[in-house]
Chemist: 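Encoded as structure tokens, here's the structure I'll be asking about.
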Amino acid sequence: MATQGFVDPSDIRAQFSRVMSEMYKTEVPLYGDLMELVADVNRQAMADHPEIEEHLRRTGELSRLDMERHGAIRVGTAEELCTIRRLFAVMGMSPVGYYDLTPAGVPVHSTAFRAVHEDALQVSPFRVFTSLLRLELIDNVELRELAAQILAKRNIFTDRVRELITQFESQGGLNQDDADEFVKEALETFRWHTEATVTNAQYQQLHDQHRLIADVVAFKGPHINHLTPRTLDIDEVQSGMLGRGITPKAIVEGPPRRKCPILLRQTSFKALQESVRFVGEASVNGSHTARFGEIEQRGTALTPKGRALYDELLNAARDELGEFPNEENAVRYYELLQKHFQRFPDSYEVMHDEQLAYFRYFATEKGVKAVQDQDRPRTLQALIQAGHIEFEPLVYEDFLPVSAAGIFQSNLGDNAQAHYALSSNQVDFHAALGSTVLNELDLYATTQQRSLQECGKALQLPEL
Ligand code: OOG
Ligand code: NI
């Protein structure tokens, strides 16, 4: 929808996602290999299961699959988070959901920036998991102050991108030239910088407190730390990685393998050691592991009832395991997941009838042909039974806190499990963000409702 010559924010997002992917491919060549592996696996999955392709075609996901990816950044201050929110708004992305990672020993809280309307998601489903460091959790007062001082001095945005954000806000949009410039300037914030903002000794101090703290505080900007393609078969990618010399983390996070995938399954691998030049040193002589690779498989979004069941079963499996899932207990962990998740119906019909998941409804040709028929069914249930309405599961667009914690930990190393007395503080997060986050469940419910209204129009049943 271009008004007054403004570019549709979804098109800016699609363009940004493309250039980000290009930049990351040159920064982390392994990402390019992974993209090829995922494309191969996806092709094979559709060849082996034509019904998967048919389903993706119907929901429109087929055309977005190849460009689908999410990234992640970690920022250090409220000002950075607030400006990031305004920057993503230019691309039609809003903060959705609140994730508190402190219970898992990671001193951040997070949200995901993404498009919210199904039509916008269709143009580009690009999302960025964005974490804010919680400096108040550093117990060493001197170190906390040092970190705060270093962060206060840095500016992670170019002057021009700040101007363009303000222009977008005052005019309500950007024309093509400004949008092109915006994409180029915005990309700078996410780039890797070899020069650190601290000395080697300061880096070690920050690192000893928590590797994540060093990653946020010691560098010029919030380098994009991974970019994740979407696969249709994560188990296949997990084994394919080994074949290509990539070692994935020990377990796939999320629900077990199922016929009807739910929520999100993820795995990651350590990508590379970056060379670093610390302040006061003449040459590049340090290193830092910042970036990693990750793959995800997305399934159906769950209703509050379905989500409660998911959380219950995941916790039951983890409780019975009695320790963090790791390489040694991976086989047993998968068995426990399979065992507990038997209670989660593995059929879209049952998930629909028990209201465990969100769906999109489509009026069928048969239904449209029957509009003049006096005796035709009129309730949703009856219309479905008569084949006048069909439904497809709605894809989960968000993240999972337990999985995200596992991803953080596997890439930060084993010493990353600190214990914090303070937990979740969504009020502080909103204050830093300068806005509240949207509730993802409301978004799915609204999309489902809209699809029902469309059916109502097509079938001339406004009461639907
Ligand atoms: C983010 C880790 C979480 C995911 O997909 O759950 C994540 C980070 O390491 O910054 O990316
Ligand atoms: Ni991720």
Side-chain angles (χ1 to χ4, degrees), residues 17 20-21 24 28 30-31 34-35 38 68-76 80-81 84 88 95-114 125-134 156 189-190 192 210-219 221-231 234 237-238 248-249 251-255 263-272 274 288-299 310 314 325 395-418 429 440:
S17 166
M20 173 86 100
S21 184
Y24 201 62
V28 183
L30 209 51
Y31 168 69
L34 192 66
M35 295 285 281
V38 168
E68 181 143 3
R69 56 187 78 98
H70 84 251
I73 55 168
R74 305 152 183 172
V75 297
E80 290 177 359
L81 182 68
I84 275 288
F88 282 134
V96 180
Y98 173 73
Y99 304 86
D100 178 20
L101 279 300
T102 40
V106 184
V108 300
H109 45 182
S110 321
T111 189
F113 288 94
R114 66 168 176 90
F126 180 58
R127 348 171 156 73
V128 181
F129 191 89
T130 303
S131 302
L132 173 65
L133 179 64
R134 294 182 65 191
I156 64 170
T189 297
F190 301 85
W192 170 254
H210 200 297
R211 206 154 105 185
L212 182 112
I213 297 173
D215 185 57
V216 178
V217 178
F219 298 94
H223 37 260
I224 183 96
N225 67 44
H226 65 284
L227 215 45
T228 300
R230 174 177 169 193
T231 180
I234 199 162
V237 176
Q238 178 96 347
K249 75 195 276 291
I251 61 142
V252 174
E253 297 286 350
L263 298 174
L264 178 63
R265 300 183 71 210
Q266 295 165 291
T267 183
S268 66
F269 59 90
K270 292 193 173 120
L272 77 170
E274 322 278 348
H288 175 71
T289 33
R291 278 96 64 84
F292 57 94
E294 185 193 31
I295 308 96
E296 65 182 18
Q297 179 175 2
R298 291 191 172 264
Y310 169 79
L314 185 74
V395 65
Y396 188 62
E397 306 284 354
D398 294 287
F399 295 87
L400 296 168
V402 175
S403 302
I407 301 282
F408 264 109
Q409 269 146 5
S410 76
N411 295 293
L412 290 169
D414 296 333
N415 60 356
Q417 282 165 25
F429 190 79
E440 67 278 17

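Since the structure is predicted, the reported quantities are computational estimates derived from the model, not experimental observations. Just so you know, ligand 1 is whichever comes first in the structure, and atom 1 is the first atom listed for that ligand. Residue numbers start at 1 and run along the sequence shown.
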Chemist: May I ask you to check if ligand 1 and S131 share an N or O to N or O distance below 3.5 Å?
Modeler: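 Checking ligand 1 against S131, no N or O pair falls under 3.5 Å apart.
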Chemist: Among all protein heavy atoms, pick out the one at the shortest distance from atom 3 (C) of ligand 1; state its residue, atom name and that distance to 0.1 Å.
Modeler: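 So the nearest neighbour among protein heavy atoms is A404 CB, 3.7 Å.
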Chemist: Check which protein N, O or S atoms are less than 2.8 Å from the Ni ion (ligand 2) and report how many there are.
Modeler: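 There are 3 of them.
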Chemist: For D215 and H210, which I'm curious about, is there any donor-acceptor pair between the side chains at under 3.5 Å?
Modeler: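 Note: D215 and H210 side chains miss the donor-acceptor criterion.
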Chemist: Can you pull the salt bridge (charged side-chain N to carboxylate O under 4.0 Å, His left out) pairs that have at least one residue in residues 396-405, sequence neighbours excluded?
Modeler: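 Non-adjacent pairs meeting salt bridge (charged side-chain N to carboxylate O under 4.0 Å, His left out): R64-E397, R114-D398, R127-E397.
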Chemist: Could R265 and Y396 be counted as a cation-pi pair, given that NZ or CZ must be under 6.0 Å from the ring centre and within 45° of the axis?
Modeler: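 Ring-cation test returns no.
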Chemist: Within the 3.5 Å criterion, strictly below it, is a donor on T267 or Q238 matched to an acceptor on the partner's side chain?
Modeler: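 Yes.
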Chemist: Please tell me whether T228 and E294 have a donor and an acceptor in their side chains that are separated by less than 3.5 angstrom.
Modeler: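 Yes - a donor-acceptor pair under 3.5 Å links their side chains.
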Chemist: Provide the number and element of each atom of ligand 1 under 4.0 Å from a heavy atom of F399.
Modeler: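 Ligand 1 atoms under the 4.0 Å threshold to F399: 4 (C), 5 (O), 6 (O).
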Chemist: Give the contacting part of L400 toward ligand 1: side chain, backbone, both or neither, where contact means a heavy-atom distance below 4.0 Å.
Modeler: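 No part of L400 comes within reach of ligand 1.
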Chemist: Are the aromatic ring centres of H226 and Y31 under 6.0 angstrom apart?
Modeler: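 No, the ring centres sit 6.0 Å or more apart.
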Chemist: Nearest protein heavy-atom contact for atom 9 (O) of ligand 1: which residue, which atom, what distance?
Modeler: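 Checked against all protein heavy atoms, atom 9 (O) of ligand 1 sits closest to R74 NH2, 2.7 Å.
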Chemist: Answer with yes or no after comparing the ring centroid distance for H109 and Y98 against a 6.0 Å cut-off, counting only values under it.
Modeler: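 Yes - the distance between ring centres of H109 and Y98 falls below the 6.0 Å cut-off.
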Chemist: If you take the centroid of each ring, where Trp contributes its six-membered ring, are H288 and F219 closer together than 6.0 Å?
Modeler: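 F219 vs H288: aromatic centres under 6.0 Å.
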Chemist: For atom 5 (O) of ligand 1, what is the nearest protein heavy atom, given as residue, atom name and distance?
Modeler: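 Of every protein heavy atom, Q266 NE2, 2.6 Å lies nearest to atom 5 (O) of ligand 1.
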Chemist: If the cut-off is 4.0 Å to any non-hydrogen atom of F292, which atoms of ligand 1 fall inside it?
Modeler: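 Those atoms are 9 (O).
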Chemist: I'd like to know if the side chain of R74 pairs up with that of T130 as donor and acceptor (distance under 3.5 Å, no hydrogens or angles considered).
Modeler: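 No, no side-chain donor-acceptor contact under 3.5 Å.
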Chemist: With a cut-off of 4.0 Å, which atoms of ligand 1 are near a heavy atom of H70?
Modeler: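 Checking each atom against H70, I get 5 (O), 11 (O).
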Chemist: Counting the benzene-type ring for Trp, do F113 and F126 have ring centres under 6.0 Å apart?
Modeler: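 So the answer is no for these two rings.
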Chemist: Below 4.0 Å from any atom of ligand 1, is there a heavy atom belonging to H226?
Modeler: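 True for this residue.
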